[in-house]
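In what follows, a structure is listed as structure tokens, so that the remarks can point back to it.
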Amino acid sequence: SSPALAAVKPLITPGRDLASGEFQCNNALQLPKLLKAANVADAPKSPQEVGQCIVKNLPENNVIADTVVAPQGFINIKIAKKYVADQLYDILQDGLKPPPQKKQRVLVDFSSPNIAKEMHVGHLRSTILGECLCRTFEFCGHEVIRVNHVGDWGTQFGMLIAHLKDSFPDFKTAAPPISDLVGFYKESKKRFDADEEFKARAHQEVVALQGGDQDNLTAWTALCEVSRVEFEKIYKRLEVTLTEKGESFYNPFMPDMVKELCDRGLARVADGATVIVSGDKKPLGDITSADIERVLQYYYLNTSLAQHPGLVQCLKDLGLVKENGAGVECLNVGTAKKELLFELAKVSQNDMDLPSLGKATKSMAEALAKTEKTKQGPKTTLNPGLVDLLRQVPDLVTTTDAGDLVFVPKFSHPFMIRKRDGGFTYDTTDLAALRYRLHTEKAERIVYVTDVGQEGHFMMLFAAAQDAGYMAAEEHRCDHVGFGLVVGADGKKLKTRAGETIRLVDLLDEAPRRSYEESVKREEDKRQKAQEKGETYEGLTEEELRSNAQVIGYGAVKYFDLRQNRVSDYRFDYDAMLNLEGNTAVHLIYAYVRMRSVARKAGLAQSEDVLSDLLKAHPEGLAVALAEEAEWTLGLHLMRFSGTVERMTEELYPNHMADFLYQLVTKFNDFYTKVRIIDAEDRDSKLLLCEATAKILKEGLRLLGIGVVEKL
């Protein structure tokens with residue numbers, strides 16, 4: 001051993017083919033250079049010599065059957081079949097065990113619909129992604145807090161309360177009979193837009209609500225309860241469990257939190273608003289062009305470039321400003337051969353799209369902070385005119401005994417915790433919620449499941465929480481699980497033919513309906529074929545057909561979403577979801593039924609413990625069959641379940657489990673096709689392999705929030 005190797009992690013990959021080895025260790029390819037750089041005496045010099053040294057020093061174990069060092073240095077590893085068989089036997093005997101992890105208190109914030117608005121297809125991804133992650137954390141033994149951060153506060157409640165008082169004046173003594181809250185919302189919005197008197201009254205009502213008026217709180221509670229009942233119907237169908245703790249819950253904590261942050265000097269007033277500006281102080285001599293990009297975006301480009309004559313003059317001196325054909329001064333970020341001009345008055349965060357803004361900022365920064373390569377590394381020289389400008393910005397440059405320090409913002413705009421009018425913002429609510437979750441609910445890890453468009457907001461939230469001391473890197477972890485859009489056949493955001501957002505309840509009605517119709521057709525085909533042969537076909541009962549349609553329909557919708565890389569948009573397609581072939585829930589559930597059918601053919605259909613029943617005929621013991629290549633391939637894949645679960649908790653991408661399950665079913669179908677089972681001499685050993693596969697498939701689907709059926 002050598003200190004030079006202390007930080008080296010094992011580089012293990014699947015083998016190129018089973019004949020050479022199930023796994024391959026590639027560490028020996030990089031170690032000779034490390035050993036040489038560390039001046040290790042008598043160290044092996046070639047990758048092959050290092051590989052032989054690794055093999056020689058392997059401790060005795062029951063996992064590795066054999067190792068072979070290739071001439072190139074990588075090590076082919078063959079796994080002991082008995083080890084795999086024993087592990088699968090343990091699964092049958094003791095159940096699936098989670099990967100070893102330090103147990104934590106994990107809070108998952110997901111779904112989060114808005115009160116008085118119907119859940120739509122956009123809520124689908126957050127809801128099923130969050131449920132999947134909760135189930136996975138729970139499987140691993142973590143204590144999970146499931147939070148529904150509903151939008152139950154805001155200015156929209158003014159118009160809703162005003163309309164409620166007009167429509168149901170007895171609301172204080174009798175619950176308003178609102179069956180269609182969405183329609184009620186549209187009615188109030190229509191009045192709000194058309195009637196100035198109503199709009200003024202709506203404003204008064206929201207002020208009264210925020211001031212604690214008892215009648216308005218009663219009306220607000222009634223409106224929330226109507227939404228809550230409708231939300232719960234959706235969650236019940238999706239088998240999702242949540243505890244509601246909406247935005248309003250954190251209202252009492254916000255005034256004191258903002259005062260405390262101001263008193264500690266962590267928040268400051270800028271343009272009348274109270275903000276937190278996250279960033280780092282860097283020595284002036286260490287500033288790079290990337291740092292200047294962020295300084296420009298935050299301090300200068302929140303208004304137009306034309307409003308900063310000093311900066312414009314610097315850019316003119318550098319040849320970056322020229323007039324266009326109309327005589328208007330422009331920033332030129334193109335090349336000598338091809339100009340790319342942006343009018344100075346329109347170079348700002350408000351007037352440019354992100355790609356153009358990024359290109360303009362980068363061009364300016366690289367001109368103002370020239371970087372050249374030297375033997376000692378890259379060296380950046382700041383434009384003297386720029387340095388003078390930076391010194392003129394309050395709090396941007398601080399002079400210390402050690403030299404000048406420049407504050408480099410992490411983001412292009414501040415985190416606003418109080419508006420100019422004194423009102424609070426979503427930023428305030430989220431920061432108060434994060435503080436409450438970490439310090440009152442004692443969460444050690446928080447996972448936020450929202451669309452990718454909110455990623456920037458959450459990065460700023462986490463930075464603000466760290467600046468405030470609410471979140472400690474060594475104690476807490478916060479993750480944003482972003483997801484893309486659900487789009488239609490045209491690649492655009494999924495909507496109805498009338499152009500409205502599709503209601504989630506309609507989407508969930510359609511999938512089981514289609515699944516039921518397909519099942520009825522298949523049943524009719526089977527019955528007709530049986531009649532042609534003069535046979536009797538019992539088939540499924542109507543109750544079984546309806547029940548299966550629910551499981552398969554909802555499962556198809558969930559799996560089609562969860563199998564995607566969550567940050568990508570995906571095209572919603574019922575036909576693709578309900579396809580019997582390919583990577584679909586229907587295909588996986590059918591494979592599970594096939595696995596159970598093997599047990600039925602062996603007379604074990606009703607057995608709750610296949611292992612115990614089979615051992616009655618084998619008092620000498622029974623091992624899982626792995627002799628044939630298809631069996632061994634399947635058995636090896638089953639061993640990857642634990643690693644897949646661990647990867648999900650770390651990376652938070654459910655498609656890892658979907659990929660694992662699809663490969664599992666593919667390998668099982670190969671085994672089922674190639675290997676005789678029921679009439680084999682080692683039938684019972686093969687039945688154990690089928691049973692282990694079924695258990696892992698069922699549990700993997702459960703983690704995705706998907707059920708199974710026993711008969712189809």
Query raised in the report: Just checking, R435 and Y470: is the charged tip under 6.0 Å from the six-membered ring centre and within 45° of the axis?
Result: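 Yes.
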**Report entry** Ring-face cation contact, F110 with R125, 6.0 Å cut, 45° max
**Finding:**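 Because its charged atom misses either the 6.0 Å distance or the 45° angle limit, R125 does not stack over F110.
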Query - salt bridge (charged side-chain N to carboxylate O under 4.0 Å, His left out) pairs, two or more places apart, involving residues 283-299 - result: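 Residue pairs with at least one partner in residues 283-299: K282-D291, D291-R294.
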Smallest separation among heavy atoms of [X] and [Y], with atom names:
X	Y	result
L704	C132	CD2-SG, 3.8 Å
S363	L320	O-CD2, 3.9 Å
V108	G130	CG1-O, 4.2 Å
A468	L266	CA-CD1, 3.7 Å
H413	M460	O-CE, 2.9 Å
G385	N383	N-OD1, 2.8 Å

Evaluate the side-chain proximity of [Y] to [X]: yes if any heavy-atom separation is below 4.5 Å, no if none is.
X	Y	answer
L301	V347	yes
V69	I54	no
F415	S278	no
D271	R420	yes
K379	T371	no
R566	L652	yes
L431	L461	yes
L296	L311	yes

Report task. Apply the test side-chain hydrogen bond (donor to acceptor under 3.5 Å, both in side chains) to residues Q313 and D317: give CA-CA distance (whole Å), side-chain angles for both, the deciding distance (0.1 Å), then the verdict. Result -> CA-CA 6 Å; Q313 187 58 54; D317 294 342; 3.0 Å; yes
[Y] backbone acceptor or donor facing [X] side chain under 3.5 Å:
X	Y	value
S126	S111	yes
K442	H439	yes
Y559	A658	yes
T380	T288	no
T428	T425	yes
D66	K78	no
E455	G482	no
D451	F483	no
N332	L340	yes
N61	I64	yes

**Report entry** Candidates L386, D388, V393 - the one meeting side-chain contact (heavy atoms from CB on, under 4.5 Å) with L390
**Finding:**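 Exactly one candidate clears the test, L386.
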Query raised in the report: Step by step, would you call S348 with S304 a side-chain hydrogen bond (donor to acceptor under 3.5 Å, both in side chains)?
Result: CA-CA 5 Å; S348 75; S304 79; over 6 Å; no
Between [X] and [Y], does any side-chain N to carboxylate O distance fall below 4.0 Å?
X	Y	answer
K322	E329	no
R391	D404	yes
E444	R437	no
E49	K45	no

Requested in this report: Report the C-alpha distance between C314 and L368 in whole Å, list the side-chain angles of each, state the deciding distance to 0.1 Å, and finish with yes or no for side chain to side chain contact (heavy atoms under 4.5 Å, CB included).
Outcome: CA-CA 8 Å; C314 283; L368 293 164; 4.1 Å; yes
Query raised in the report: Any chance the rings of Y250 and H149 have centres within less than 6.0 Å?
Result: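 When the ring centroids of Y250 and H149 are compared, they turn out to be within the sub-6.0 Å range.
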Query - Modelled atom types, side-chain donor and acceptor of S112 and D109, under 3.5 Å - result: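 The criterion, which ignores hydrogens and geometry beyond distance, is satisfied for D109 and S112.
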Query raised in the report: Do N76 and S20 meet the criterion of a side-chain donor-acceptor pair at a distance under 3.5 Å?
Result: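 Side-chain D/A pair, N76 to S20: absent.
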What distance separates [X] [atom1] from [Y] [atom2], expressed to the nearest 0.5 Å?
X	Y	atom1	atom2	value
Q72	Q48	CD	CD	8.5 Å
L664	Y662	CG	OH	12.5 Å
Q349	S412	CD	OG	4.0 Å
N655	E651	CG	CD	9.5 Å
T429	F424	OG1	CZ	9.0 Å
L661	L562	CG	CG	11.0 Å

Report task. Quick one: do L107 and V447 satisfy side chain to side chain contact (heavy atoms under 4.5 Å, CB included)? Show the steps, please. Result -> CA-CA 6 Å; L107 187 148; V447 178; over 6 Å; no
Flag if over 12 foreign heavy atoms under 6.0 Å of [atom1], [X]:
X	atom1	answer
H457	NE2	yes
K103	NZ	yes
K362	NZ	no

Report task. For side-chain hydrogen bond (donor to acceptor under 3.5 Å, both in side chains), just list the numbers for Q101 and T649, CA-CA rounded to whole Å, side-chain angles, deciding distance to a tenth of an Å, and then say yes or no. Result -> CA-CA 10 Å; Q101 293 183 346; T649 61; 2.8 Å; yes
Query - For N565, side-chain contact (heavy atoms from CB on, under 4.5 Å) partners two or more places apart - result: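 Checked N565 against side-chain contact (heavy atoms from CB on, under 4.5 Å); matches are V567, S568, Y653.
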Query raised in the report: Are D561 and R563 close enough, and set up right, to give a salt bridge (charged side-chain N to carboxylate O under 4.0 Å, His left out), and what steps lead you there?
Result: CA-CA 6 Å; D561 188 302; R563 81 174 207 196; over 6 Å; no
Query raised in the report: Parallel, tilted or perpendicular: which fits the ring planes of F458 and Y448, with parallel below 30° and perpendicular above 60°?
Result: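 Tilted.
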Query raised in the report: Under 30°, 30 to 60°, or over 60°: which ring-plane class applies to F641 and F660, parallel, tilted or perpendicular?
Result: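 Correct class here is tilted.
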**Report entry** side chain to side chain contact (heavy atoms under 4.5 Å, CB included) assessment of L305 paired with L315
**Finding:** CA-CA 11 Å; L305 181 57; L315 297 172; 4.0 Å; yes
Requested in this report: Would you please test V68 and I75 for side chain to side chain contact (heavy atoms under 4.5 Å, CB included) and show each step?
Outcome: CA-CA 6 Å; V68 176; I75 305 167; over 6 Å; no
